[in-house]
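See structure below.
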Amino acid sequence: MLFRSLKSIIYNLKPSILEELGLGAAITTLCQTITDKSNIKSNVDIIGFEERIDPKQEITIYRIIQESLNNILKHSKAKEFTVTMIEENGNIKILISDDGTGFETSKKNYLLPGLGLRSIKERAESYSGTFKIESQLNSGTLLIIDMPKKVLKNA
């Protein structure tokens, strides 16, 4: 039991699929795993990403999406979510939406209750990116992350 938990923790720190097959495959697998375990329908759309990006940025993007999906599972009561990643003209745009309960973004402290949204914001900003939330009660939530692409440097 302890070995299985430890193995799961290590896998989640840096999934081998991310290193072996890249960000697109890792995100697709993550979404499918969540669908399999929760019965929340997932949609994944990846545009661009023909070439690998910087490994540290790949991990950051993976963590942003992982945390977003964790929030959907914990709080949204969604029946469906969508992850869209677009890499174009040296920029990366990530859109994560759900059809769940949503929340009031007009309240100034919506980033404070938990670390999840704050962590996503800080990760995006660590790559000179931006983080925006669009949500209303009973209308789902849309997270929008934009950041410049960090090019993979060959060793």
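Just so you know, these numbers come straight off a predicted model, no measurement behind them.
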* Is the backbone N or O of Ile40 less than 3.5 Å from a side-chain atom of Thr35, with the two atoms forming a donor-acceptor pair by type? -> yes
* Asked: Which heavy atom of His75 sits nearest a heavy atom of Thr101, and at what distance?
  -> O-OG1, 3.6 Å
* With sequence neighbours excluded, residues passing side-chain contact (heavy atoms from CB on, under 4.5 Å) with Leu95 -> Thr84, Lys93, Leu142, Ile144
* Asked: Got Ile92 and Gln57 here, is their nearest side-chain heavy-atom distance under 4.5 Å?
  -> yes
* **Considering all heavy atoms, the nearest Ser128-Pro148 contact** => O-CD, 3.7 Å
* To do: Find the distance between CD1 (Ile59) and CD (Glu19) and round it off to the nearest 0.5 Å.
  => 8.0 Å
* Minimum heavy-atom distance Ala78-Asp98, with the two atoms named -> CB-CB, 3.9 Å
* Asked: Hey, is the main chain of Arg123 close enough, under 3.5 Å, to the side chain of Ser126 for a donor-acceptor pair?
  -> yes
* With sequence neighbours left out, which residue pairs that include part of residues 70-91 fulfil the salt bridge (charged side-chain N to carboxylate O under 4.0 Å, His left out) condition? -> Lys41-Glu80, Glu87-Lys149
* In Å and rounded to the nearest 0.5 Å, what is the CD1 to CG distance from Ile17 to Leu30? -> 10.0 Å
* How long is the span from the CD1 atom in Ile27 to the CD1 atom in Ile94, to the nearest 0.5 Å? -> 8.0 Å
* Asked: Quick one: do Val83 and Ile86 end up in the same hydrophobic cluster if we chain Ile, Leu, Val, Met, Phe, Trp and Tyr together by side-chain heavy atoms under 4.5 Å apart?
  -> no
* Asked: Shortest non-hydrogen contact from Leu21 to Ala25?
  -> CB-CB, 3.7 Å
* Mind checking whether Thr141 and Asn71 have side chains closer than 4.5 Å, heavy atoms only? -> no
* Asked: Hey, which of Asp99, Asn43, Val44, Ile72 is the one that makes side-chain contact (heavy atoms from CB on, under 4.5 Å) with Phe81?
  -> Ile72
* **Within-4.5 Å side-chain heavy-atom neighbours: Leu73 and Lys37** => no
* Please determine, by modelled atom types, if Asp36 and Gln32 share a side-chain donor-acceptor pair under 3.5 angstrom. => yes
* Could you tell me which residues satisfy side-chain contact (heavy atoms from CB on, under 4.5 Å) with Glu122, sequence neighbours excluded, listed by chain and number? => Arg118
* To do: Would you name the heavy atoms of Ser42 and Cys31 that are closest together and state the gap between them?
  => OG-O, 3.6 Å
* Would you mind reporting whether Glu67 and Leu143 have side-chain heavy atoms less than 4.5 Å apart? => no
* To do: Check whether any side-chain heavy atom of Phe103 sits under 4.5 Å from a side-chain heavy atom of Leu117, and report yes or no.
  => yes
* Minimum side-chain heavy-atom gap Asn91-Asp146 below 4.5 Å -> no
* Asked: What's the spacing between Tyr127 OH and Thr60 OG1 if we round to 0.5 Å?
  -> 4.0 Å
* Which value, rounded to the nearest 0.5 Å, describes the distance between Ile120 atom CD1 and Ile145 atom CD1? -> 6.5 Å
* In terms of heavy-atom contacts, does CD of Glu125 have more than 12 from other residues, nucleotides or ligands at under 6.0 Å? -> yes
* Asked: Should Ile53 and Ile61 count as side-chain neighbours, where that means a heavy-atom distance under 4.5 Å?
  -> yes
* Hey, any chance Tyr62 and Ile46 share a hydrophobic cluster, counting ILVMFWY side chains that come within less than 4.5 Å of each other, even indirectly? -> yes
